[in-house]
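What follows is one structure encoded as structure tokens, with my remarks underneath.
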Amino acid sequence: MALLDYFRSTKVNTASLAKERLQIIVAHERNDRKSPDYLPQLKQDILNVIAKYVQVSEDQVSVEFDQSDDLAVLELNVTLPEQR
């Protein structure tokens, strides 16, 4: 019987782990839906403009949108290379 209990307990642990992972994915997707649809294109446009003057990669440009009840914040972070 102890052997059967082992298999049952791992099944429960696996199910709870899968449920937990699914909740994380759903929360992440809900967070992405709150941001405007134009955000990825805005990031690409900003990257194109900056690239005319300085060589930067896509991971050096961060655009984030945060909205509360009465306030919306658009945050832009650009990591520029050091001048030589």
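None of these values were measured; they are calculated from a predicted model. Just so it is clear, the values below take in all heavy atoms, side chains as well, and ignore hydrogens, waters and symmetry mates.
Taking the side chain as every heavy atom from C-beta outward, L76 and S62 never approach each other to under 4.5 Å. Looking only at side-chain heavy atoms (C-beta outward), V73 and L71 come within less than 4.5 Å of each other.
Applying the 6.0 Å contact sphere to CD of E75 captures more than 12 heavy atoms from other residues, nucleotides or ligands.
Screening L80, N77, T79 against Q60 for a side chain to side chain contact (heavy atoms under 4.5 Å, CB included) leaves a single residue, T79.
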Exercise answer: donor-acceptor pairs, residues 39-47 side-chain atoms, under 3.5 Å, sequence neighbours excluded:
{"from": "Q41", "atom 1": "NE2", "to": "D45", "atom 2": "OD1", "distance (Å)": "2.8"}
{"from": "K43", "atom 1": "NZ", "to": "V61", "atom 2": "O", "distance (Å)": "3.2"}
{"from": "Q44", "atom 1": "NE2", "to": "N48", "atom 2": "OD1", "distance (Å)": "3.2"}

